[in-house]
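Below you'll find the structure, written out as C-alpha cells, and then a few comments.
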Amino acid sequence: MRTKYFDFMEKLKPRQIQSTIMIAFSLISISIMLILGIGMYIRFSAVSRQEMIQSTKKLMEQTGENLEDYLVSMRQISDAVYYNVIKESDLTSPENGIRQGMNLLYEANRSRLRSIAIYNNYGSLMAAEPVALQKEDPNVTKQEWYEKAVGDTANMHFSAPHIQNLFDDGTRQYYWVISLSRVVELTDRGVPITGVLLVDMDYAGISRMMKKINVSNNGQYYYLCDGNGQIIYHKKQMQIRQGIAKENSRKAAGFKDGVYDDVFDGEHRKVIVNTISYTGWKLIGIIPDAAFTHDMFDIKYFIVMLILLMAMMLAVINRMISVRISRPILKLKNSVMEYEAGEKPVIYIGGSQEIRHLGYSIQRSYEQIDALMHKIVFEQNERRKSELDALQSQINPHFLYNALDSITWMVEDERNDDAVFMISELAKLFRISLSKGRTIISIKDELQHAKSYMNIQKVRYKNKFSIVFEADPAIYDYCTVKLVLQPILENAINYGVSGMEDCGEIIVTGKQHEGMIVLSVMDNGVGMSKDEVNLILTDSNHIHKHGSGVGLVNVNNRIQILFGKEYGLIVDSEPDEGATVSICIPAVPYTEENRKNLEKGYAFSLEEMEDNSIQDKKHI
C-alpha cells in the first residue's frame, strides 16, 4: 500500500510543478506588465503636463502681445489727440481745429473706436467725435473713469468693460466699451485750464481676441481681469454677473507672472498668469486637472494596447496547453448558444467520448423539446378555433323561424314584392353568416349583414323603430370578427326600443380612432342602471336572463380570443336615456394574408399586418 501511495504521489508531482510554473509565470508576467505600464503612464503624464503648460504659456504670451499692441494703439490715439490736436488748438478757435483733428483721428481708427470726448474740470463736454447728442445729465464727474483720471493725473487709466452711457446716436443701441481716460491741459481763449480726455475703445476687439483662444473642449479656458480682480473678459461673463457662475479672479489678480496650483470649488487646477503692460491687467489661463487626463487618452490607449498585446502573447502560450481539451467543449457550447438564440444548428458532437455522449444527449433533448412545442402550438390553435366555432354556433334559431313566418304571411297576403325583398335580405344575411366557414370578414360585409338583419327586423316589428348607418367608408377594408353587430342590434331592439310608445331610433356608427376601429350601436330606448352595466359583460346568470341570442358576453369573448384582452365591448347607459355599445378592435387591413393569420391564431404586430396589406396590393 505504501509503495502504491508513493507511486501515485510521484506521478502527481510533475503535474503540480507544471501548474505551479504556469501560474507563477503568469503572475510574474502580469506584475511586470502592470509596473511597466504604470511607470510609462506616470512618465508620459508628467511630460504631457509640462508640454501643455508650456504651450499654454506661449499662447498667452502671444495673446498678451496682441492685447498690448491693441492697447498701445489706443495710447497712441490718446497721445495724438492730446499732443497733435488739443495742444495745438484753442477751444474757441474759429477754425475749430480741435474738432477737425479729432474727426480725422476718429475716421482713421473708427474700426477700433466708439467715441472721443473732451471734458473740462467741471464735467462739461467741450468736444466729441463722432458728433452725437449727449444724454441728459450723465453726471460725468461721478463716473469711475473721470474720478480715476482726476485722482491720478500723471497716468492713463483703463476702465473695466461697461455700456457707453454718454451719447445718444439715435439708433437706440447699447455699445460695450473700455474707456481710456487721462487729464489734459486745454487752452480756452489763451488761458490754460484742466480737462479730461476720454477715448472709448470698442470692446468687441478685445472680445474677439479672447474668443479665438477659448476654443478648447477639454475644460481649459482663459479670462482677462484688472489688477483688482474685476473681470474684463470671461467666457461666462454674463453668468458671473448674474451670480450663476463664479471665478476666483481676485486671488489670481494678486499672483505675479508664473504658474500656480489652485483649488476652486473643490477642483484642482493650474493657474497661469501673464500681466499686460501699461494697464496692470492680468491674462489668466486655467487648466483643470481633468484637461490633463483628457489629453492622456491616447497615451492610456497606447499603454493599454501594449499590455493587451503582451497579455495576448502570454495567453497564446497558455492556450497551446489547454486548447486540445477546451476546443470540443467550446464548439459544443457555441452550438448550444446558437440553438438558444433561435437558430437551428446541428449540435456539435466530437472530442472525447464523454463530450460526444453529452452532445448526443443535448441533441436528443432539443429534438424532444421541438416536438413538444409544435404539439402544444397545434393544440392551442385547435382549441382557439374550437372556442370560436362554439361561440359562433350560438345563433338564435328563433330569428330564422320568425323571418320565415313573416315571409309566409306576406305570400298569403299576396305582398309578393315585400316577400321577395325579405327573401333577398335573408339570402344576403346567410351568405355573409356562412362566409365559406371563415371567422374573419371585412367591416363592409359585417355592415351589410347588419343592414340585412335590420331590414328583416323592421318588417317583423312593422317599422316601430328607425335605423341609421353612419359608418366612415374609410374603414370598410379592415378586418373584424363576423356576426358582432347582430347580437348588439338584437339587444337594442328587444330591450331598448321595442316597448317604446314613440318611434325608437337606432344609430350605427363606425370610425377609426388612435389605431383602433370603433363600431357603436346607440339607441334611445329604456337604458340600464349602473349595476346592470357593470354586470353586462360578465358570464353570470343575470346576463343570460336579460341577454338575447348570442349575447354581449359571446361577442366580447370572440373578439378577445382573436385580438387580445385589450379589445372588446364598452357599454355606456343611463336609465330612460338609451344605451351605447361600442366594439373596439385593432385597425388591421383586410387582406388574405392577415385573415389567414388571424384565424390561425398567429400573434404579430399591426406594423406587420400593414406590411402584408402593402405586399398584397403590389402583388395585385
Under 6.0 Å from the CG atom of Asp477, do we count more than 12 heavy atoms belonging to anything else shown?
no

List for me each residue that meets side chain to side chain contact (heavy atoms under 4.5 Å, CB included) alongside Gln512, sequence neighbours excluded, and say none if there are none.
Ile475, Tyr478, Ile517, Ala587

Kindly state each residue pair satisfying salt bridge (Lys or Arg N to Asp or Glu O under 4.0 Å) with at least one member in residues 235-247, sequence neighbours excluded.
Lys246-Asp265, Glu247-Arg269

Do Tyr233 and Pro161 come close enough that some side-chain heavy atom pair is under 4.5 Å?
no

Would a 4.5 Å heavy-atom cut-off, applied to side chains only, mark Val581 and Ile570 as touching?
no

Does any non-hydrogen side-chain atom of Phe563 lie less than 4.5 Å from one of Met516?
no

What's the separation between atom CG in Leu552 and atom CG in Asn557, rounded to the nearest 0.5 Å?
11.0 Å

Set of ring-ring contact (aromatic ring centres under 6.0 Å, His included) partners for Tyr221, sequence neighbours left out
His234

Residues Val518 and Ser582: closest non-hydrogen pair is CG1-CB, 4.2 Å

Inspect the surroundings of OH in Tyr360 and state if more than 12 heavy atoms from other residues, nucleotides or ligands are less than 6.0 Å away.
no

Would you find a donor on one side and an acceptor on the other, under 3.5 Å apart, between the side chain of Gln220 and the backbone of Ile286?
no

Between Ala492 and Ile506, the two heavy atoms sitting closest are CB-CD1, 4.0 Å

Testing the basics here: between Ala471 and Leu447, what is the closest heavy-atom pair and its distance to 0.1 Å?
CB-CD1, 3.6 Å

Check whether any side-chain heavy atom of Leu483 sits under 4.5 Å from a side-chain heavy atom of His449, and report yes or no.
yes

When you measure from the side chain of Ser573 to the backbone of Met528, do you find a donor-acceptor pair of N or O atoms at a distance under 3.5 Å?
yes

Within-4.5 Å side-chain heavy-atom neighbours: Lys482 and Asp445:
no

Tyr175 OH to Ile163 CD1 distance, which is reported to the nearest 0.5 Å
12.0 Å

Rounded to the nearest 0.5 Å, how far apart are OG1 of Thr480 and NZ of Lys444?
15.5 Å

Partners passing side chain to side chain contact (heavy atoms under 4.5 Å, CB included) against Met238 (at least two apart in sequence or in another chain)
Gln242

State whether the side chain of Asn534 and the backbone N or O of Lys530 hold a donor-acceptor pair below 3.5 Å, judged by distance alone.
yes

Correct closest heavy-atom pair for Glu505 and Val497 would be N-CG1, 4.1 Å

Please enumerate all residues that pass side chain to side chain contact (heavy atoms under 4.5 Å, CB included) together with His357, with sequence neighbours excluded.
Ser361

Donor-acceptor under 3.5 Å (Glu532 side chain, Ser529 main chain):
yes

Find out whether Val481 and Ile585 are in side-chain contact, i.e. whether some heavy atom of one side chain is under 4.5 Å from a heavy atom of the other.
no

Walk me through it: do Asn524 and Phe465 pass the test side chain to side chain contact (heavy atoms under 4.5 Å, CB included)?
CA-CA 10 Å; Asn524 61 347; Phe465 58 86; over 6 Å; no

Between Tyr590 and Ile441 the two heavy atoms that sit nearest each other are CE1-C, 3.5 Å

What's the separation between atom CD in Glu470 and atom OG in Ser520, rounded to the nearest 0.5 Å?
11.0 Å

Residue list, ring-ring contact (aromatic ring centres under 6.0 Å, His included) with Tyr203, at least two apart or on another chain
none

Using modelled atom types and a 3.5 Å cut-off, is there a donor and acceptor pairing between side-chain atoms of Asn214 and backbone atoms of Tyr222?
yes

At what distance, to the nearest 0.5 angstrom, does NZ of Lys451 lie from CD1 of Ile467?
10.0 Å

Atom of Val571, atom of Val533 and distance for their closest heavy-atom approach
O-CG1, 3.6 Å

Roughly how far apart are Asn556 CG and Lys565 NZ, rounded to 0.5 Å?
8.0 Å

Please say which of Val468, Leu489, Leu519 ends up in a side chain to side chain contact (heavy atoms under 4.5 Å, CB included) with Val508.
Leu489

So, the side chain of Glu446 versus the backbone of Val484: is there a donor-acceptor pair under 3.5 Å, distance only?
yes

